[in-house]
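All remarks here apply to the structure that follows.
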Amino acid sequence: MSDMKETLGFQAEVKQLLHLMVHSLYSNKEIVLRELASNASDACDKLRFESLADASLLESDPDLQIRVGFDQAARTITITDNGIGMSRQEAIEHLGTIAKSGTREFFARLTGDSKQDASLIGQFGVGFYSSFIVADSVTVRSRRAGLPASEGVEWVSDGSGEFTVATISKPSRGTEVVLHLKDGEDEFLSGWKLREVLRRYADHIQMPILMDKEEWNEEAKGMKPTGEQEQVNEGTALWTRPKGDISDEQYADFYKHVAHDFEAPLGHVHARVEGRQDYTVLLYVPGRAPFDLYDRDAARGVKLYVKRVFIMDNAEQLLPGYLRFVRGVIDAADLPLNVSREILQESRDVEAIRAGATKKVLGLLEDLAENHADKYSQVWNTFGAVLKEGTGEDAANRERIAKLLRFASTANEGDAQTVSLTDYVGRMKAGQADIYVVTAESVAAARHSPHLEVFRKKGIEVLLLSERVDEWMLNHLREFDGKKIVPVTRGDLDLGELADAEEKQAQETAAETHKALVERVQAALGERASAVRVTLRLTDSPACLVREAGELPPHLVRMLKAAGQPVPESKPTLELNPEHTLVKRLDTEQSEARFADLAQVLFDQALLAEGGALEDAAAYVRRVNALLAG
């Protein structure tokens with residue numbers, strides 16, 4: 001088979017990754033065994049699932065297991081499984097490139113902080129490459145279940161930039177990973193050490209992990225194999241055990257296994273649900289976001305088991321899209337074992353599990369928000385924008401989701417999103433009927449919006465929204481606790497009892513007094529403005545732009561245009577502050593040319609103040625220069 005041997009180069013980013021592995025993870029060497037044991041467990045799970053449809057894949061070896069051994073003389077550690085295995089092409093694709101794991105995004109997230117960078121690795125599905133932390137070369141021998149023994153593959157690399165692939169004869173299916181240890185890594189050439197690490201990191205792996213049993217040999221003054229094998233992990237599904245028998249450390253270790261994460265989760269929920277559908281959930285909220293959090297098409301979801309039989313990874317139908325950051329396991333009692341993704345989507349049983357699991361996760365988030373403010377702050381800062389999607393996706397839980405939302409506010413300094421809708425309602429002024437919000441490109445832009453001037457004057461709190469999802473969220477979240485959520489940029493803004501009778505009378509008087517000015521400005525602006533009127537909502541600014549009910553907010557219009565989406569044509573309304581010096585000067589301007597220039601400048605300034613872009617910046621500069629010179 002030597003004619004089937006070839007040497008190939010790693011994907012460029014893999015070289016950088018291997019360098020990072022060797023130089024950043026020196027304090028996490030034990031993670032190598034966890035990653036390789038986890039990969040072996042996944043391979044066995046996948047074979048078990050595929051064998052449901054094709055029992056011949058099990059060949060003559062139906063008992064799935066993982067074996068770990070070491071050779072002190074050869075200085076090697078070997079991790080072997082009899083799972084699904086790999087074909088030659090799969091070995092090249094999966095071991096020679098990590099494009100599918102988001103390599104470019106991975107390196108874009110690197111900070112230069114070794115400890116922080118190391119913690120990213122598990123999130124990007126590149127655990128196999130951790131082998132090079134302790135090994136100066138790695139040999140992988142594999143054969144995919146169902147292929148003849150003559151179509152085995154051997155993959156060899158020293159991590160320097162190239163790897164060789166050769167076709168070999170491999171009678172047994174599955175994968176064998178041989179780590180040729182570096183100098184100084186002899187601590188792993190110990191049965192005691194390997195057992196200790198495997199029990200710590202892989203005790204809950206369902207597949208039995210076997211090692212040669214050892215006993216003390218007095219003559220050799222050391223441990224010697226007895227010729228028997230023993231199982232070193234407990235091998236029971238953690239989620240099937242009583243909660244009282246599981247420690248926080250065991251919960252955290254299991255999360256690291258299922259999520260391939262190096263950090264502990266922020267919280268978990270473990271529950272057995274009985275009723276129309278019996279199932280067990282063990283779900284976690286991670287401490288950091290995956291690189292593809294905002295890619296709604298990326299594979300994600302929890303692991304699905306049926307009676308402890310693995311069915312699929314990334315069972316996205318079991319949780320709604322806005323909870324796509326949740327990791328963990330759902331084990332159902334009586335879903336059909338030949339379930340497919342299509343059947344999952346149409347099954348009423350799956351809908352029941354989805355609804356129940358969603359409520360459990362929301363309950364966990366509510367507990368964190370109420371009793372662990374520091375942890376919930378981290379949850380919100382990491383996943384808040386995704387949670388907001390739930391206001392439109394999950395009408396049944398919209399009120400619960402709304403209580404979990406956090407916002408920046410005019411009541412607080414800075415950009416931190418710490419104010420809940422419940423906090424806001426509790427601080428509403430006497431006579432205030434609505435919840436007021438303003439959207440903009442950033443919190444700073446929202447805080448300095450001219451539309452807030454009357455609210456500052458009256459001491460009314462306004463929530464500051466600056467994320468892309470906010471406009472979409474407001475289309476679905478119209479009220480909270482019986483109170484309407486009202487954007488302050490609405491042209492028909494009514495402060496209700498907060499505006500006294502004198503102010504309302506003053507508004508009517510100003511409209512009548514400046515009727516001629518309004519008509520002149522309307523004529524000067526032409527089609528740029530749908531209407532012009534005076535307002536008392538402004539105290540410091542000369543003008544602002546507002547939209548009528550039903551019109552798209554300017555922030556959303558700009559986002560849609562930037563995305564190449566068609567946007568219905570609409571013109572804003574210009575509101576003038578009759579008490580401002582510039583407006584008073586405009587009212588007394590005799591030259592029609594200068595009047596027109598000043599009217600256009602006021603409109604452009606109002607557009608800039610709301611974050612818009614000028615269609616003709618040169619014309620604006622010319623008008624300002626002319627007014628300054630005059």
Side-chain angles (χ1 to χ4, degrees), residues 1-2 4-8 10 14 18 21-22 25 29-44 61 64-88 90-92 94-96 126-145 149 151-191 193-195 197-198 201-202 205 207 209-212 214 225 229 232:
M1 295 294 181
S2 60
M4 295 296 291
K5 184 174 181 179
E6 59 181 328
T7 300
L8 302 171
F10 278 119
V14 175
L18 296 178
M21 284 286 184
V22 173
L25 285 183
K29 294 176 181 179
E30 296 174 353
I31 296 300
V32 174
L33 288 177
R34 189 194 75 187
E35 291 296 315
L36 295 179
S38 181
N39 289 345
S41 175
D42 289 345
C44 292
D61 186 14
L64 301 177
Q65 57 188 315
I66 303 166
R67 296 188 300 278
V68 178
F70 66 98
D71 185 331
Q72 288 184 334
R75 303 189 70 257
T76 60
I77 298 175
T78 303
I79 298 92
T80 306
D81 68 75
N82 58 351
I84 193 66
M86 291 180 288
S87 66
R88 180 188 181 96
E90 286 172 334
I92 293 173
H94 298 320
L95 303 182
V126 292
F128 167 76
Y129 299 98
S130 64
S131 302
F132 292 99
I133 300 171
V134 299
D136 52 23
S137 70
V138 177
T139 300
V140 179
R141 301 183 184 94
S142 188
R143 175 172 68 80
R144 202 182 202 287
E151 294 189 26
V153 59
E154 182 179 74
W155 181 99
V156 181
S157 178
D158 61 4
S160 62
E162 294 182 337
F163 60 91
T164 62
V165 181
T167 299
I168 62 172
S169 176
K170 189 175 187 298
S172 60
R173 68 162 191 273
T175 302
E176 175 186 276
V177 180
V178 182
L179 306 181
H180 303 269
L181 297 182
K182 298 176 181 178
D183 292 336
E185 303 298 344
D186 291 3
E187 63 173 319
F188 291 103
L189 296 174
S190 159
K193 177 64 175 180
L194 293 178
R195 286 179 176 82
V197 173
L198 290 170
Y201 291 111
I205 286 180
M207 301 300 158
I209 300 177
L210 306 178
M211 288 187 65
D212 288 337
E214 294 180 308
Q229 288 196 322
V232 299

On a heavy-atom basis, the closest approach of Lys182 and Arg75 is O-NH2, 2.8 Å
Does Lys193 form a salt bridge (charged side-chain N to carboxylate O under 4.0 Å, His left out) with Glu30? I'd like the steps, not just the answer. CA-CA 10 Å; Lys193 177 64 175 180; Glu30 296 174 353; 2.7 Å; yes
Rounded to the nearest 0.5 Å, what's the gap from CZ on Arg67 to OG1 on Thr78? Could you check? 10.5 Å
Mind listing the closest non-hydrogen atom pair of Ser87 and Val153 along with its distance? O-CG1, 4.0 Å
Residue pair Cys44 / Asn82: nearest heavy atoms and the distance that separates them: SG-OD1, 4.1 Å
His180 and side chain to side chain donor-acceptor pair (under 3.5 Å): which single residue from Asp136, Asp158, Thr139 fits? Thr139
Determine the minimum heavy-atom distance between Val32 and Ser130, stating which atoms define it. CG2-O, 3.2 Å
Close side-chain approach of Arg141 and Thr175, heavy atoms under 4.5 Å: no
What is the minimum heavy-atom distance between Arg143 and Glu151, and which atoms define it? CG-O, 4.4 Å
Determine whether Glu185 and Leu179 satisfy the following criterion, side chain to side chain contact (heavy atoms under 4.5 Å, CB included), listing intermediate values before the conclusion. CA-CA 11 Å; Glu185 303 298 344; Leu179 306 181; over 6 Å; no
Quick one: CZ on Phe70 to CD1 on Ile79, what's the gap to the nearest 0.5 Å? 12.5 Å
Check the pair Leu95, Phe163 against side chain to side chain contact (heavy atoms under 4.5 Å, CB included), reporting the backbone distance first and the verdict last. CA-CA 9 Å; Leu95 303 182; Phe163 60 91; over 6 Å; no
Ser157 and Trp155 have their tightest heavy-atom pair at CB-CH2, 3.5 Å
Charged N to carboxylate O under 4.0 angstrom, Arg195 versus Glu214? yes
Supply the atom-to-atom distance Ile77 CD1 to Leu181 CG, rounded to the nearest 0.5 angstrom. 4.5 Å
How far does OG of Ser38 sit from CG of Leu33, to the nearest 0.5 angstrom? 12.0 Å
